[in-house]
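Here's the structure, in structure tokens; my notes come after.
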Number of protein chains: 2
Amino acid sequence: MTEPAQSASRQAQKERTRQAILASALELSHEKGFAQVSLRQVSRHAGVVPTAFYRHFESMDQLGLALVEQSFSTLRRMIRDAQRDPHVFDNIIDAAADVLVEAVKQSKAHFAFVARERVGGPEVVRTAIRHELDLFVSELAVVLARLPNIENWSTEDVQMVSRLFVRNMVSNAEEVVEMPDGRPDLEEQIKEGARRQMRLIVVGFRDWRS
Amino acid sequence: MTEPAQSASRQAQKERTRQAILASALELSHEKGFAQVSLRQVSRHAGVVPTAFYRHFESMDQLGLALVEQSFSTLRRMIRDAQRDPHVFDNIIDAAADVLVEAVKQSKAHFAFVARERVGGPEVVRTAIRHELDLFVSELAVVLARLPNIENWSTEDVQMVSRLFVRNMVSNAEEVVEMPDGRPDLEEQIKEGARRQMRLIVVGFRDWRS
DNA sequence: ACTTTGAGTGTACGCATGTTCACTGATTTC
DNA sequence: GAAATCAGTGAACATGCGTACACTCAAAGT
């Protein structure tokens with residue numbers, strides 16, 4: 001990498017290497033979990049000498065945090081897009097199921113990272129993920145509160161439904177992630193399961209509060 | 001450990017060392033996750049030289065599998081006991097919530113191990129845990145199917161409720177595990193949450209099938 | 001009483017790791 | 001066009017690791 005083929009601006013080249021490191025870490029994490037990936041392995045896989053790693057991240061922990069950030073920004077963008085779609089308004093449940101499976105398929109690696117490292121990762125990473133998920137529950141609650149059938153629920157109830165939704169999302173993401181490649185039937189099955197579970201939550205809530 | 005204080009029979013002493021290794025692994029796993037615990041660390045913590053480890057387990061992977069087995073046998077015993085309690089029969093939900101929190105409190109370390117290594121552990125350990133959880137879902141389904149309100153449900157529905165219950169159990173176990181010590185208020189809160197979620201599942205199921 | 005067994009020891013090995021340091025040379029700045 | 005910057009290099013280090021091997025010496029078997 002002394003001469004990066006087509007030389008780019010210094011900044012651009014640095015950013016490219018940074019992304020290579022992030023991508024390498026993500027890929028290697030998928031096989032053994034982030035915590036078992038060494039600084040040297042990441043560097044090697046990114047085509048860079050171990051010492052160069054420090055030009056981009058001051059430690060593996062910091063790399064982990066960067067991956068958390070990257071993963072959630074992907075997720076957040078998807079939610080924001082989905083919110084603009086009017087279709088979502090009168091059928092959140094089916095829409096959510098679609099979005100979930102689509103999103104997970106599209107950036108499987110990031111979801112896998114979150115699902116895995118949420119409980120298995122280094123302390124700092126775990127904490128960061130929990131924090132992001134809490135934020136996410138609150139954001140989702142705001143979206144839910146605006147929906148027609150729900151607008152007269154108590155804020156507490158909405159928050160709890162939101163929490164259950166996110167919990168289910170994580171569980172289903174785990175399943176999609178663990179899913180063997182090239183089995184679209186299984187995928188549909190998971191999607192249908194997710195739909196049913198969400199409907200369950202909504203129906204259950206409505207009925208018992210009466 | 002050349003002379004084990006009060007010398008016991010050879011077998012008994014071997015078993016004692018084995019348990020010391022298992023306990024050490026469990027304790028060390030709690031801080032950093034099983035996969036980051038080295039054979040040497042476990043041995044050191046168990047008061048034994050690294051080579052002695054091999055007299056009890058042929059590798060760290062095997063140690064992990066032994067811990068899975070130990071964890072689930074604990075869990076299974078609890079379920080079996082709970083089944084004999086007539087109180088459980090007419091109020092599964094409250095009983096289940098009680099059992100869950102009690103069980104988790106009593107053998108926190110084992111639950112923590114399962115919750116963590118289910119997604120974060122080495123391949124073999126993850127597989128073993130998934131398998132045990134699947135078994136557990138089926139067992140629970142059998143118990144549920146015998147209950148008064150449920151006896152005329154389809155087997156599929158019972159299986160699905162069982163799966164949701166176990167999923168919630170795992171989630172709640174995660175929460176109890178992550179709970180800071182000496183906060184019984186939080187504990188009650190989690191228990192109440194678990195109750196509500198289970199009620200939600202049951203109510204939701206009953207109402208939509210009509 | 002003797003032999004056998006086997007849990008636990010101690011040394012030694014080769015290997016991967018994280019971090020240090022002085023370095024190089026193309027890009028950017030002036 | 002000279003000087004400064006800084007992404008990436010490469011050698012060196014101390015440390016912890018898994019495992020092999022030859023060993024000891026009480027308990028168990030005879």
Side-chain angles (χ1 to χ4, degrees), chain A residues 1-25 27-29 31-67 121-125, chain B residues 1-25 27-29 31-67 121-125:
Chain A
M1 290 276 139
T2 322
E3 298 190 28
Q6 215 65 342
S7 78
S9 87
R10 200 122 111 171
Q11 263 192 54
Q13 180 52 35
K14 178 170 187 182
E15 182 58 23
R16 195 186 297 172
T17 305
R18 191 188 133 96
Q19 291 305 325
I21 292 177
L22 284 164
S24 297
E27 191 182 330
L28 294 173
S29 298
E31 300 158 19
K32 352 190 240 164
F34 179 75
Q36 348 291 330
V37 178
S38 72
L39 186 152
R40 283 176 112 106
Q41 283 168 6
V42 174
S43 311
R44 205 180 304 137
H45 192 276
V48 124
V49 100
T51 345
F53 177 95
Y54 293 107
R55 300 278 179 209
H56 302 274
F57 304 96
E58 70 174 22
S59 66
M60 283 297 278
D61 276 1
Q62 295 302 313
L63 210 206
L65 292 182
L67 280 173
E123 175 75 28
V124 280
V125 172
Chain B
M1 289 280 140
T2 321
E3 297 191 28
Q6 215 65 342
S7 78
S9 87
R10 199 117 116 173
Q11 262 191 56
Q13 180 52 35
K14 177 168 187 182
E15 182 58 23
R16 195 185 297 170
T17 304
R18 191 189 134 96
Q19 290 306 324
I21 292 177
L22 285 164
S24 297
E27 190 182 330
L28 293 173
S29 298
E31 300 158 20
K32 353 191 242 164
F34 179 75
Q36 347 294 330
V37 179
S38 71
L39 186 153
R40 285 176 109 105
Q41 282 168 7
V42 174
S43 311
R44 204 179 305 136
H45 192 277
V48 124
V49 102
T51 347
F53 177 97
Y54 293 107
R55 299 279 179 206
H56 302 274
F57 304 97
E58 72 173 21
S59 67
M60 282 298 278
D61 275 1
Q62 295 303 312
L63 210 205
L65 292 182
L67 280 174
E123 176 74 29
V124 279
V125 171

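What you see is a predicted model; the values in this text were computed from it and never measured. Numbers restart at 1 for each chain; the letters A, B, ... are given by sequence-line order, proteins then strands.
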Nucleotide C:dG10, atom P - distance to CZ of B:Phe53 in whole Å: 19 Å
Taking the side chain of A:Arg55 as heavy atoms from C-beta outward, which of C:dG8, D:dA7, C:dA7 is closest to it? D:dA7
Distance-only criterion, 3.5 Å: show the donor-acceptor pairs between side-chain atoms of residues 49-60 of chain B and protein atoms not counting sequence neighbours.
unit_1	atom_1	unit_2	atom_2	d
B:Ser59	OG	B:Asp61	N	3.4
B:Ser59	OG	B:Gln62	N	3.3

Measuring from the side chain of A:Lys14 (C-beta onward, heavy atoms only), which nucleotide among D:dA7, D:dG18, C:dG18 has the closest atom? D:dA7
Compare the minimum distances between each of D:dC17, C:dT9, D:dA7 and the side chain of B:Gln41, then state the nucleotide with the smallest one. D:dC17
A:Tyr54 OH - C:dT17 P separation (whole Å): 12 Å
Give every pair of a protein N or O atom and an N or O atom of nucleotides 10-14 of chain D that lie under 3.5 Å apart, one pair per line with the distance.
unit_1	atom_1	unit_2	atom_2	d
D:dG10	O6	A:Thr51	OG1	2.6

To the nearest Å, how far apart are A:Phe57 CZ and D:dG8 P? 12 Å
Please produce a list of atom pairs where a protein N or O lies less than 3.5 Å from an N or O of nucleotides 28-30 of chain C.
unit_1	atom_1	unit_2	atom_2	d
C:dT28	OP1	A:Arg10	N	2.9

To the nearest Å, give me how far apart NE2 (B:His56) and P (C:dA7) are. 7 Å
side-chain contact (heavy atoms from CB on, under 4.5 Å) involving B:Ala12 - partner list, sequence neighbours excluded: B:Ala8, B:Ser9
Counterpart residues, salt bridge (Lys or Arg N to Asp or Glu O under 4.0 Å), relative to B:Glu123 (two or more places apart): B:Arg126
Calculate the interatomic distance between B:Gln36 atom CD and D:dC17 atom P; express it in whole Å. 13 Å
Who passes side chain to side chain donor-acceptor pair (under 3.5 Å) against B:Ser24, sequence neighbours left out? B:His45
Separation of atom CE in B:Met60 from atom P in D:dG16, rounded to whole Å: 17 Å
By the 4.0 Å heavy-atom rule, please label A:Arg18 as base, sugar-phosphate, or nothing. nothing
Grab the two heavy atoms, one from A:Leu63 and one from A:Leu22, that are nearest each other, plus how far apart they are. CD2-CD2, 3.5 Å
Quickly work out the A:Arg44 CZ to D:dG8 C1' distance and round it to whole Å. 17 Å
How would you list, by chain and number, every residue that makes a side chain to side chain donor-acceptor pair (under 3.5 Å) with B:Gln19, sequence neighbours excluded? B:Glu15, B:Gln70
Have a look at the helix from C:dA1-D:dT30 to C:dC30-D:dG1 and give the angle its two end axes make, five pairs each, rounded to 10 degrees. 20°
For residues 31-44 of chain A, pull every pair meeting side chain to side chain donor-acceptor pair (under 3.5 Å), keeping only residues two or more places apart or in separate chains. A:Lys32-A:Gln41
Select one nucleotide: of C:dG8, C:dG18, D:dT9, the one nearest the side-chain heavy atoms of A:Ala52. D:dT9
Nearest-Å distance for atom pair CG/C1', residues B:Leu28 and D:dG16: 15 Å
